[in-house]
Amino acid sequence: MSQRNPPSTGSVPVQVDTKLVNIDPRSDVEIADGRAYSKLAGSLYALPTDAYEHNRMDYQHKFLRLLLDDSIYPNPDVVDKALSAEANPTPNIVDLGTGSGIWAIEMAKKFPYANVLGSDVVLPGHPEESVPGNCRFEFLDVNKDMGKLQEIYDVVHWRLVESATVDTDQFFYDVARVLRPGGVLIAVAGDPRLLDETGTVIPLKREGDPQYVKTTPTVYPRFQIIRI
């Protein structure tokens with residue numbers, strides 16, 4: 001079987017629609033089989049963290065928007081209230097595990113009066129002109145660096161990075177600390193389920209149970225809004 005082997009530079013532009021996605025050259029990556037992987041994430045995050053992966057994340061973002069009726073986030077009434085200019089003329093938003101940065105950029109465009117921070121162990125390297133002035137990206141590991149965040153945030157976004165979060169109990173304590181009163185945590189995690197040909201959920205079986213089969217479950221995103 002032939003394999004696609006992208007150039008192993010760690011900073012490879014990929015065309016996605018009309019936008020170039022890249023990775024910040026300061027990101028600490030290692031190359032394996034022609035793909036870049038985060039040294040900091042190690043075995044916690046098995047997927048690549050290069051421009052090709054950011055390309056996939058952008059398509060994943062579009063898929064999630066379809067599930068949300070073309071919204072960037074679930075429960076718009078709750079989120080919009082938390083980010084209301086009347087309540088706070090300069091709200092703060094942080095996107096933890098920002099990936100390609102597309103969610104942070106779209107939020108910055110939607111709320112031009114807000115300050116938006118996208119953070120990850122590998123950062124996107126978007127052309128400067130494509131990033132709004134109220135959006136910035138910084139290196140941050142949710143397992144080690146949550147203490148660096150101030151207690152100023154109106155919205156915290158945590159999407160599909162639960163597998164790279166070592167201690168979720170500690171993580172939620174940290175999120176509660178950095179959120180302002182009335183702030184919102186948007187949590188999006190995978191919900192593995194097996195479906196039969198009619199779309200009916202098949203109860204999960206353990207090894208040794210009758211009709212047990214090793215297979216890969218279909219993963220559906222589960223959206224949750226937590227008001228602090």
Side-chain angles (χ1 to χ4, degrees), residues 1-67 72 94-108 116-132 135-145 157-168 171 188-194 213-221:
M1 180 184 295
S2 62
Q3 289 185 329
R4 183 180 69 174
N5 292 314
S8 58
T9 64
S11 183
V12 185
V14 179
Q15 190 72 36
V16 181
D17 296 335
T18 59
K19 176 173 67 66
L20 284 175
V21 180
N22 217 327
I23 65 170
D24 189 312
R26 297 172 299 164
S27 300
D28 191 8
V29 299
E30 57 186 355
I31 305 300
D33 298 322
R35 301 298 301 271
Y37 295 83
S38 168
K39 290 183 180 180
L40 289 175
S43 61
L44 283 175
Y45 191 78
L47 294 175
T49 49
D50 54 17
Y52 291 94
E53 173 64 8
H54 286 175
N55 175 45
R56 183 195 67 80
M57 288 180 173
D58 276 6
Y59 285 110
Q60 174 181 273
H61 174 77
K62 294 177 182 179
F63 165 72
L64 294 174
R65 286 195 63 159
L66 287 174
L67 294 180
I72 312 173
V94 61
D95 183 21
L96 299 172
T98 194
S100 72
I102 190 170
W103 189 88
I105 289 173
E106 289 191 6
M107 287 294 284
V116 182
L117 169 64
S119 66
D120 212 325
V121 295
V122 173
L123 293 183
H126 292 282
E128 185 176 349
E129 64 273 12
S130 71
V131 180
C135 179
R136 73 185 195 281
F137 296 98
E138 294 182 2
F139 291 98
L140 186 142
D141 184 342
V142 296
N143 298 307
K144 303 175 182 178
D145 302 327
H157 184 247
W158 181 69
R159 184 171 78 181
L160 300 178
V161 288
E162 70 277 8
S163 62
T165 305
V166 175
D167 187 341
T168 51
F171 170 77
V188 182
D191 180 16
R193 290 183 290 173
L194 290 172
V213 177
K214 289 186 177 181
T215 185
T216 301
T218 302
V219 177
Y220 291 82

Under a 3.5 Å distance rule, please check whether [X] uses its side chain to pair with a backbone N or O of [Y] as donor and acceptor.
| X | Y | answer |
| --- | --- | --- |
| Asp50 | Arg35 | no |
| Asp145 | Asp141 | yes |
| Asp120 | Gly99 | yes |
| Asp95 | Ser119 | no |

If you compare all heavy atoms of [X] against all heavy atoms of [Y], which two are closest, and at what distance to 0.1 Å?
| X | Y | result |
| --- | --- | --- |
| Tyr37 | Ala46 | CE2-O, 3.5 Å |
| Thr98 | Pro124 | CG2-CD, 4.2 Å |
| Phe139 | Leu123 | N-CD1, 3.7 Å |
| Thr49 | Val29 | OG1-CG1, 4.1 Å |
| Ser38 | Val121 | OG-CG2, 3.4 Å |

Taking C-beta and beyond as the side chain, do [X] and [Y] meet within less than 4.5 Å on heavy atoms?
| X | Y | value |
| --- | --- | --- |
| Val188 | Glu162 | no |
| Leu160 | Met57 | no |
| Trp158 | Val94 | no |

Any chance you could lay out the side chain to side chain contact (heavy atoms under 4.5 Å, CB included) test for Thr165 and Asn143, step after step, and finish with the verdict?
CA-CA 6 Å; Thr165 305; Asn143 298 307; 4.1 Å; yes
Between Trp103 and His61, is the ring centroid distance below 6.0 Å?
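They do not qualify: ring centres at least 6.0 Å apart.
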Where do Arg159 and Leu64 land on the side chain to side chain contact (heavy atoms under 4.5 Å, CB included) test, with the steps shown first?
CA-CA 10 Å; Arg159 184 171 78 181; Leu64 294 174; 3.6 Å; yes
Please determine whether side chain to side chain contact (heavy atoms under 4.5 Å, CB included) holds for the pair Leu117 and Glu138, giving the CA-CA distance in whole Å, both sets of side-chain angles, and the decisive distance to 0.1 Å.
CA-CA 7 Å; Leu117 169 64; Glu138 294 182 2; 3.7 Å; yes
Output the distance between atom CG (Leu96) and atom NE2 (His157), rounded to the nearest 0.5 Å.
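Nearest 0.5 Å value for the CG-NE2 distance: 9.5 Å.
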Consider only side-chain N and O atoms of Ser100 and Asp58, and report whether a donor and an acceptor are under 3.5 Å apart.
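The criterion, which ignores hydrogens and geometry beyond distance, is satisfied for Asp58 and Ser100.
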